[in-house]
Amino acid sequence: MAFYDFLEIEKKWQKIWEEKNNFHGEDFSDKQKYYMLVMFPYPSGKLHMGHVRNYSIGDVIARFKRMQGYNVLHPIGFDAFGLPAENAAIKHGIPPKEWTVNNMEEMEKQLKALGISYDWDREVKTCMPDYYKWTQWMFLQMYKNGLAYKKKSFVNWCPSCQTVLANEQVVNGKCERCGTMVGKKNLEQWYFKITDYAERLLKDIERLKGWPEKVKVMQENWIGKSEGAQIDFKIEGRDEKISIFTTRPDTIFGVTYIVLAPEHPLVKELVKGTEYEKDVLEFVDKMQYLNEIARTSNETEKEGVFTGAYAINPVNNERVPIWIANYVLLDYGTGAVMAVPAHDERDFEFAKKYNLPIKIVISPNGDENIKLERAFTEEGIMINSGKFNGKSNKEAYEDIINYLEENNIGRRKVNYRLRDWLISRQRYWGAPIPIVYCEKCGEVPVKEEDLPVMLPEDVVFTGKGESPLKTSESFINTTCPKCGGKAIRETDTMDTFVCSSWYYLRYTDPHNDKEPFNFEKAKYWMAVDQYVGGVEHAILHLLYSRFFAKALYDFKISPVDEPFTNLLTQGMVLKDGAKMSKSKGNIVSPEEIIQNYGADTARLFILFAAPPERDLEWSDQGVEGCFRFLNRVWRLVDELAPKCKNSNKVNVNNLSKQDKEMRRITHYTVKKVTEDISQRFNFNTAISSIMELVNAMYQYKDLENPNYDVLSEAIEKMLLVLAPFVPHITEELWEKMGKQGSIHEQKWPDYDEKALQVEEIEIVVQINGKLRGKLVVPVNASKEEILDMAKNEPKIKALIEGKEIVKEIIVPGKLVNIVIK
RNA sequence: GCGGGCGUGGCGGAAUUGGCAGACGCACUAGACUUAGGAUCUAGCGCCUCGUGCGUGGGGGUUCAAGUCCCUCCGCCCGCACCA
């Protein structure tokens, strides 16, 4: 008997698949298309178990859909720009390109060793000029359409990565990549105007029926829509006004002070030359050095100072003091707030601390004599609010906005938390922003035909806060595309999330050198039918990609305005209850597992141990178990192949009871696996039902007279349904069975409804809802017959003897419940 | 605080519509084969006070019947968090 030599088998088939190139997605095929996408990896050097899980899930779906007759696009590539490459250059003197290319080669080998059915012809690498040329082209389209602009403002600065970060890349005040506390810097930077798309990004979440609720809620919160009013307050003795945003215009009569963010541009003006100047500027200074988290946590105590200036409440001309405080943020709303301590918890806390007046304008029941222990934020009746008194605050909300608009002192306003996407990075290893600065013409975009703006190689990596591109003479000096005069290049590169915001489109036409992709090809393949990846991209990559799709759709470049129809967020791979990490020393290397057990075992374990969305606890013994199962399959087919090779189609008219039962299990398994994969992606239960089939086959084959036609059918169907999970062993056994062609090019098996039917079924008999006996009855027995048989079952008969029967419930095919007193 | 998810044997997890709780796998126990076994096969395996018993985080409810529906409490994980 040949043993299961997984190393040999996997090598053999990987070579054949590569030569035959049979996982190719065909443009414009008549077959129905299916675009199966996994999030492409950063080329860190080695695959980790998270990758293995991601790609195994994707591969099962791709192979399954292919067998079901779809024209499947299943591509892979590398998100290849980014900091680690540059850090390697600083640390070890290896050029970023060399480091990245080596890593990609290594990871390609590992992906191939896993036997994932990628269309390798479509591989994209974002760091190559043939790709980043088009990333730069995308920038130019954004620029042309007014969605790319430059502005100076306080930005997030990671001192470790020595670059600015987008808001999305700051997690709990820390750098999303390296975990360092992020600071603030006032810099001139490039932005994409994602805020123009806030409403559409929000509204279209409704259309994402195939996305997890969790991700949709996260995006909704991130966009953070709130409705209210913008109201102008005059400043006493000045011409300027202060505009505030509020969601509670109904409380405007309760305003007792105004608060500006410390960085608000008016602050310095208001205090200039006054006795308050010193204190205020000191406070502003202090705030600037605080990081985001210390500044914005609601556990941080509220602090503020009076500016000495007053504003006038436009509805009642009351004079209210203007303060600055840490709890007001410059970049939300207008950076200024009207404070209504009676009806806002934060304002209440602040007013108590600094002894500011509290004026009640909404009362729970209309009563004016009420005392507040804390802010009253619920609904009520308007008081102390002039002509709005006596109305419900809900009604007053509308009336007051109308009043403000009529008198031109305020207007209805929708505000979003989402801010524009900061895309400049002061780093080398990214796509250069295609802009030059001309002495005469100023900021000028590079002409499309001059793309790509190539990354130079004569750079010095200092790791010191400025783009290394500044050290390249050959790069920096250029001529103006407009006037031909002397000009210098923009030295910042683009955030790598720009590269990954459109890669799914490039896969549809990866070798096009005339345009980023052909519209018709993209139209054929898009949208992505199933996207699989980690939930850590719930906001970052997934929101940016949605923005790109919409912007490109508006420019008539993309055929779709939502890129991903269905999204599966896989759980993490844990070891000893924690995420695998170097520092914890709980890493299991995919390479080692493949070496010791084979790729098929690795894939099988990872798919079997938990449903895909859930976290998965690594278990060496679990791997062992999966390896045992594959050996069981191997031995079974190895033993039976000679007897089954030349068998015929099953003659259904000539089957014993056991033959029928074997066939029933075979066909039921096909049904179950088909449903588990296609309806719910429950690979774990699909695999367990195949295990049950194999167990049943072991029993059956050792009977006195097994029917080899039945066994042959069972083996064939078992191998077919197992093929998407463990592609190598099934291919080898398919060949052993004397079958023609690759198992992966076979049609997904059907099941025969008739084979599923049984003549007798087991029925549960309950007394008062408790299990008291079992009964085998003909499948077509009537309710009366079933009840009769149940009552005559000796055990049941004894129990109901002499008791009054209150109720009898018969559920055909399931149970009988006799209720007695 | 708000939002989302989860809680089932020693462990990972099944139970699709309210209908036999614990499929499948791991671990464990006993046996067979064997020079040997960490291979393979067979059997057992929720708990206990062994009953007409108990049991899906706790308590209550609806129902002939609840892991599943309702109420309530507890615990854990994830996301957001002074957003005016």
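So that the names make sense, note that chain A is the first sequence line, chain B the second, and so on, each numbered from 1.
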Colleague: Base, sugar-phosphate or nothing for A:Gln766? Non-hydrogen atoms, less than 4.0 Å.
Modeller: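 Touches a base.
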Colleague: Look at the side chain of A:Gln621 and decide which nucleotide, out of B:A23, B:G12, B:A27, has an atom nearest to it.
Modeller: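 Output: B:A27.
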Colleague: In whole angstrom, give me the gap between the P atoms of B:A39 and B:C50.
Modeller: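 So the two P atoms sit 38 Å from each other.
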Colleague: Counting only side-chain heavy atoms from C-beta out, which of B:C82, B:G4, B:G13 sits nearest to A:Pro611?
Modeller: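 Of the options given, the side chain of A:Pro611 lies nearest B:G13.
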Colleague: Would you mind checking if A:Glu303 and A:Lys286 are paired as a salt bridge, meaning a charged N to carboxylate O distance below 4.0 Å?
Modeller: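 A salt bridge is present here (some side-chain N lies under 4.0 Å from a carboxylate O).
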Colleague: Could you measure between the two P atoms, the one in B:G58 and the one in B:G67, and give it in whole Å?
Modeller: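 Each nucleotide's P atom is 12 Å from the other's.
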Colleague: Can B:G61 be described as syn, meaning its chi torsion is within 90° of 0, or is it anti?
Modeller: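 Anti, angle beyond 90° from zero.
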Colleague: When the C1' atoms of B:A81 and B:U8 are considered, how many whole Å apart are they?
Modeller: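 Roughly 34 Å separates the two C1' atoms.
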Colleague: Please classify the nucleic acid contact of A:Asp615 as base, sugar-phosphate, or nothing, using heavy-atom distances under 4.0 Å.
Modeller: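 If one applies the 4.0 Å heavy-atom cut-off, A:Asp615 turns out to touch the sugar-phosphate alone, with no base involved.
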Colleague: Quick one: look up who B:G79 pairs with, Watson-Crick or G-U, both distances under 3.5 Å, and put none if it's unpaired.
Modeller: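 Pair assignment: B:G79 / B:C2.
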Colleague: Return the pairing partner of B:A39 with a 3.5 Å limit on both distances, Watson-Crick or G-U wobble; otherwise return none.
Modeller: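 Pair assignment: B:A39 / none.
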Colleague: Heavy atoms from C-beta onward define the side chain here; which of B:A15, B:G13, B:C41 lies closest to that of A:Thr685?
Modeller: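 Taking heavy atoms from C-beta onward, the closest nucleotide is B:A15.
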Colleague: So, is A:Arg632 near the phosphate of B:C41, with a side-chain N or O under 4.0 Å from OP1 or OP2?
Modeller: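 For B:C41, OP1/OP2 do have a side-chain N/O of A:Arg632 under 4.0 Å.
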Colleague: How about NZ on A:Lys225, more than 12 heavy atoms from neighbouring residues, nucleotides or ligands closer than 6.0 Å, or not?
Modeller: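 Count over threshold, so yes.
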Colleague: Hey, does A:Val819 reach any base, or is it just sugar-phosphate, or nothing, if we go heavy atoms under 4.0 Å?
Modeller: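 Touches sugar-phosphate only.
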Colleague: Using a cut-off of 4.0 Å on non-hydrogen atoms, how would the nucleic acid contact of A:Glu762 be classed: base, sugar-phosphate, or nothing?
Modeller: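 Base contact - A:Glu762 has a heavy atom under 4.0 Å of at least one base atom.
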Colleague: When rounded to the nearest Å, what value does the distance between P atoms of B:C48 and B:A15 take?
Modeller: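 B:C48 and B:A15 have their P atoms separated by 28 Å.
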Colleague: Under 4.0 Å between a side-chain nitrogen and a carboxylate oxygen: does that hold for A:Asp331 and A:Arg419?
Modeller: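 A salt bridge links A:Asp331 with A:Arg419.
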Colleague: Let's see if you can work this out: which of B:G3, B:U16, B:C24 has an atom nearest to the side-chain heavy atoms of A:Tyr668?
Modeller: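 Given the options B:G3, B:U16, B:C24, the side chain of A:Tyr668 is closest to B:U16.
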Colleague: B:G4 phosphate, OP1 or OP2: any side-chain N/O from A:Lys214 under 4.0 angstrom?
Modeller: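 Answer no for this pair, as no side-chain N or O of A:Lys214 is under 4.0 Å from OP1 or OP2.
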Colleague: Applying a 3.5 Å limit to both distances, which nucleotide forms a Watson-Crick or G-U wobble pair with B:C26?
Modeller: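 B:G10 - that is the nucleotide pairing with B:C26, both distances being under 3.5 Å.
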Colleague: If only side-chain N and O atoms count, and only distance matters, is there a donor-acceptor pair under 3.5 Å linking A:Glu168 with A:Trp421?
Modeller: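 Side-chain D/A pair, A:Trp421 to A:Glu168: absent.
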Colleague: When the P atoms of B:U63 and B:U68 are compared, how many Å lie between them, rounded to an integer?
Modeller: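 Between the two P atoms, the distance is 16 Å.
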Colleague: Which nucleotide in the list B:A14, B:U42, B:A84 gets nearest to the side chain of A:Phe245?
Modeller: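 Closest of the options to the side chain of A:Phe245: B:A84.
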Colleague: Let's see if you can work this out: which of B:G25, B:C82, B:C64 has an atom nearest to the side-chain heavy atoms of A:Asn695?
Modeller: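 Selected nucleotide (nearest to the side chain): B:G25.
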Colleague: Which nucleotide in the set B:U40, B:G53, B:A84 lies at the smallest distance from any side-chain heavy atom of A:Arg635?
Modeller: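 Nearest listed nucleotide: B:U40.
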Colleague: Take A:Asn817 and A:Val811, find for each the nucleotide of RNA chain B with the closest heavy atom, and name the residue whose nucleotide sits nearer the 5' end.
Modeller: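 Looking at the nearest nucleotide for each, A:Val811 comes out on the 5' side.
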Colleague: Could you check which nucleotide pairs with B:A65 in any of the strands shown, counting Watson-Crick or G-U wobble with both distances under 3.5 Å?
Modeller: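 Check on B:A65: unpaired, no WC or wobble geometry under 3.5 Å.
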Colleague: Between A:Glu349 and A:Lys352, is there a side-chain N and carboxylate O pair less than 4.0 Å apart?
Modeller: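 Here A:Glu349 does not pair with A:Lys352 in a salt bridge, since their nearest N and O are not under 4.0 Å apart.
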Colleague: Using the C1' atom on both, measure B:C11 against B:G46 and round to a whole Å.
Modeller: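 Those two atoms are separated by 13 Å.
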Colleague: Would you say B:A14 has OP1 or OP2 under 4.0 Å from some side-chain N or O of A:Asn684?
Modeller: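 Checking B:A14 against A:Asn684, a side-chain N or O does come within under 4.0 Å of OP1 or OP2.
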Colleague: Is a salt bridge present between A:Glu227 and A:Lys413, judged by a nitrogen-to-oxygen distance below 4.0 Å?
Modeller: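 So A:Glu227 does not pair with A:Lys413 through a salt bridge.
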Colleague: Given B:C20, B:C26, B:C54, identify the nucleotide with an atom nearest to the side chain of A:Lys774.
Modeller: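 The closest nucleotide is B:C20.
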Colleague: What interatomic distance, in whole Å, is found between P of B:G79 and the corresponding atom of B:A65?
Modeller: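 Here B:A65 and B:G79 have their P atoms 43 Å from each other.
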Colleague: Under 4.0 angstrom, heavy atoms only, what part of the nucleic acid is A:Val217 near: base, sugar-phosphate, or nothing?
Modeller: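 Sugar-phosphate contact only.
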Colleague: When you check the phosphate oxygens OP1 and OP2 of B:A84, does a side-chain N or O of A:Arg417 lie under 4.0 Å from one of them?
Modeller: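 Negative; the distance criterion is not met.
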Colleague: Taking NZ, NE, NH1 and NH2 as the nitrogens, is one of them in A:Lys671 or A:Glu753 under 4.0 Å from a carboxylate oxygen of the other?
Modeller: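 No.
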Colleague: Would you kindly compare A:Val171 and A:Ala336 by the position of their nearest RNA chain B nucleotide and give the one closer to the 5′ end?
Modeller: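 First, find each residue's nearest nucleotide; the 5'-ward one identifies A:Val171.
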Colleague: Can you tell me how far C1' in B:G55 sits from the matching atom in B:G7, rounded to whole Å?
Modeller: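 Comparing C1' positions in B:G55 and B:G7 gives a spacing of 15 Å.
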Colleague: Quick check for you: among B:A14, B:C20, B:A15, whose closest atom lies nearest to any side-chain atom of A:Arg680?
Modeller: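 Looking only at heavy atoms from C-beta outward on A:Arg680, the closest nucleotide is B:A15.
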Colleague: Can you figure out which of B:C26, B:G12, B:U16 approaches the side chain of A:Arg628 most closely?
Modeller: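 Closest nucleotide among those given: B:C26.
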Colleague: For the pair A:Glu301 and A:Lys353, find out whether any cationic side-chain nitrogen is under 4.0 Å from an anionic carboxylate oxygen.
Modeller: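 Salt bridge present between A:Glu301 and A:Lys353.
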